[in-house]
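This chain uses plain numbering: 1 for the first residue, then up along the sequence.
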Amino acid sequence: MLPLPVVKVGSVPVDGTQPLFILGPCVIESEAFIWEVAERLGAIANSLRLKWVFKASYDKANRSAISSYRGLGVKDGCRILEQIGQKLGVPVTTDVHSPEEAKIAAEHVDLLQIPAFLCRQTDLILTAGETGRAVNVKKGQFMAPWDVKNIAEKLASTGCENFLFTERGTTFGYQNLVTDMRSLYWMRELGYRVIFDATHSVQRPGGLGTTTGGDGKLAPVLARAAVAAGCDGVFMETHPNPAEALSDGPNQVPMSDIAQVVEKLRRIHSLVTEDS
């Protein structure tokens with residue numbers, strides 16, 4: 001295995017000593033909503049002394065139907081995320097969908113997230129790398145683990161050294177995903193820090209007709225397996241009431257469960273690193 005770098009996300013180092021948790025709701029449903037969720041998560045993170053990043057999307061550009069809720073937009077959404085990061089003292093992240101959005105978001109957030117369906121969009125990858133911000137690329141549902149090397153080379157060509165790859169499942173027939181835990185090992189073997197996306201890995205894309213379905217109860221199960229397999233952190237979307245979420249409700253973990261879930265994952269990570 002190639003040596004693994006220390007990746008800096010804002011002031012938070014991803015170095016393997018503790019798991020990084022990327023937590024937050026799928027989308028900014030309103031300004032009042034996102035502040036409530038952020039402050040509740042901040043209290044949990046402080047009490048458990050987590051190494052974490054707050055996540056929320058300002059726009060869900062990839063939706064099943066035209067009627068689906070999308071968000072507040074890049075300018076308002078990123079402004080709110082920046083304010084949350086400053087108040088809570090935590091790095092923040094969000095998806096970007098175009099080079100233009102990457103430039104705007106980079107002025108406000110610490111970590112630019114490249115959606116899985118856009119992970120091969122060269123102009124988007126290059127622009128994200130050129131901003132100087134850390135970059136998290138979600139591996140496409142259609143890609144082999146070793147194919148991320150090409151993405152890494154694109155980022156490296158811009159001088160970007162702080163980047164992560166996120167495993168979020170692989171297309172397995174119609175409206176289904178499967179997670180190959182070997183993927184985590186193979187990407188780390190190439191010398192990259194790897195995050196496991198527990199909630200999107202249990203999606204059933206388009207499974208409810210006009211919206212995406214999923215098996216949210218299995219997200220903590222897969223997260224435990226991923227941490228045991230050896231990853232550097234876990235991405236997990238959470239909502240006060242997933243049944244009422246405006247996006248990806250079936251996959252999100254109830255906020256009432258988050259403290260117990262992340263503490264168990266941290267204990268597993270500790271056991272794995274002790275044996276390594």
Heavy atoms only: give me the nearest V194-M187 pair and the separation to one decimal.
-> CG2-CB, 3.6 Å
Using atom types as modelled and distance alone, determine if a side-chain donor or acceptor of S270 lies under 3.5 Å from a backbone N or O of R266.
-> no
Do the side chains of E237 and N251 get nearer than 4.5 Å, heavy atoms only?
-> no
Side-chain donor/acceptor of E263 to backbone N/O of A259, under 3.5 Å | no
For residues R168 and Q203, is any side-chain donor paired with an opposing acceptor at under 3.5 Å?
-> yes
CD1 of I258 to CE of M236: how many Å apart, nearest 0.5 Å?
-> 5.5 Å
Check the hydrophobic clustering (I, L, V, M, F, W, Y; side-chain heavy atoms under 4.5 Å; chains of links allowed) and say if F142 and V178 are grouped together.
-> no
Gap separating the NZ atom of K87 from the CD atom of Q83, nearest 0.5 angstrom = 10.0 Å
Any side-chain heavy-atom pair from L111 and N136 closer than 4.5 angstrom?
-> yes
Any side-chain heavy-atom pair from E101 and Y58 closer than 4.5 angstrom?
-> yes
Tell me, yes or no, whether the heavy-atom count around E153 atom CD, taken from other residues, nucleotides or ligands under 6.0 Å, exceeds 12.
-> yes
All heavy atoms of A223 vs all of V234, minimum pair found to be CB-CG1, 4.2 Å
Given the rule in the side chain to side chain contact (heavy atoms under 4.5 Å, CB included) test, do L50 and V262 qualify, once you have shown the distances and angles that lead to the verdict?
-> CA-CA 9 Å; L50 297 182; V262 298; 4.0 Å; yes
Atom pair OG (S98) and CD1 (I104), whose distance is rounded to the nearest 0.5 Å | 7.5 Å
Going by distance alone, is a donor N or O of one side chain under 3.5 Å from an acceptor N or O of the other, for Q252 and T238?
-> no
Atom CZ in F165, atom CZ in R188: separation rounded to 0.5 Å?
-> 14.0 Å
Can F235 be reached from V148 by stepping across I, L, V, M, F, W or Y side chains whose heavy atoms are under 4.5 Å apart?
-> no
For S201 and F196, what are the C-alpha separation, side-chain angles and deciding distance, and is it a side chain to side chain contact (heavy atoms under 4.5 Å, CB included)?
-> CA-CA 9 Å; S201 291; F196 177 67; 3.5 Å; yes
Show me the side-chain donor-acceptor pairs of residues 23-33 shorter than 3.5 Å, one per line, residues at least two apart or across chains.
residue	atom	partner	partner atom	Å
E29	OE2	H239	NE2	3.0
E29	OE2	L246	N	3.0
S30	OG	F33	N	3.0

Do H108 and V92 have side chains that get closer than 4.5 Å, going by heavy atoms?
-> no
May I ask you to check whether T166 and D197 show a side-chain donor-acceptor distance below 3.5 Å?
-> no
Quick check: does any side chain N or O of T131 sit under 3.5 Å from a backbone N or O of R133, one acting as donor and the other as acceptor?
-> yes
Does any non-hydrogen side-chain atom of D257 lie less than 4.5 Å from one of P220?
-> no
Co-membership, hydrophobic cluster, residues L265 and I44, 4.5 Å side-chain | yes
Drop me the distance from L41's CG to N46's CG, to the nearest 0.5 angstrom.
-> 11.0 Å
Residues 109-120 vs side-chain hydrogen bond (donor to acceptor under 3.5 Å, both in side chains), sequence neighbours excluded, gives D95-Q113
Check against salt bridge (Lys or Arg N to Asp or Glu O under 4.0 Å), K103 and E130 | CA-CA 9 Å; K103 293 176 183 177; E130 289 167 353; over 6 Å; no
Going by the angle between their ring planes, with limits at 30° and 60°, are Y192 and F163 parallel, tilted or perpendicular?
-> tilted
With no hydrogens and no angle check, is any side-chain donor or acceptor of E167 less than 3.5 Å from a backbone partner on G169?
-> yes
CD (E244) with more than 12 external heavy atoms under 6.0 Å = no
Please confirm whether the backbone N or O of T17 pairs with a side-chain atom of D15, one donor and one acceptor, at under 3.5 Å?
-> yes
E82 with R79: basic N within carboxylate O range, under 4.0 Å | no
What are the two closest heavy atoms between A229 and L184, and how far apart are they?
-> CB-CD1, 4.2 Å
For the pair D147 (side chain) and M143 (backbone), establish whether a donor and an acceptor sit closer than 3.5 Å, ignoring hydrogens and angles.
-> no
Side chain proximity check, S57 to R70, heavy atoms < 4.5 angstrom = no
Using the side chain to side chain contact (heavy atoms under 4.5 Å, CB included) rule, pick out the option among I125, V137, L124 that qualifies with K154.
-> I125
What pair of heavy atoms forms the shortest contact from I114 to V96, and how long is it?
-> CD1-CG2, 3.8 Å
Can you see which heavy atom on A56 is nearest to which on L81, and at what distance?
-> O-CD1, 3.7 Å
Could you tell me whether K138 sits above the aromatic face of F117, with NZ or CZ closer than 6.0 angstrom to the six-membered ring centre and within 45 degrees of the axis?
-> no
Output yes when K8 and E161 qualify as a salt bridge under the 4.0 Å nitrogen-oxygen rule, no when they do not.
-> no
P91 to V9 - nearest heavy-atom pair and separation = CG-O, 3.4 Å
Determine, stepwise, if the pair C231 / I195 fulfils side chain to side chain contact (heavy atoms under 4.5 Å, CB included).
-> CA-CA 6 Å; C231 62; I195 306 297; over 6 Å; no
Should L118 and L177 be counted in the same cluster of Ile, Leu, Val, Met, Phe, Trp and Tyr side chains packed under 4.5 Å apart?
-> no
Look at the side-chain heavy atoms of Ile, Leu, Val, Met, Phe, Trp and Tyr, link any pair under 4.5 Å apart, and say whether W52 and L112 land in one connected group.
-> yes
Distance from D232 atom CG to H269 atom NE2, nearest 0.5 Å?
-> 6.5 Å
R193 side-chain N/O to P5 backbone N/O, donor-acceptor pair under 3.5 Å | yes
So F21 and V53, side chain to side chain contact (heavy atoms under 4.5 Å, CB included) or not? Walk me through it.
-> CA-CA 6 Å; F21 292 101; V53 174; over 6 Å; no
Within-4.5 Å side-chain heavy-atom neighbours: K139 and T170 = yes
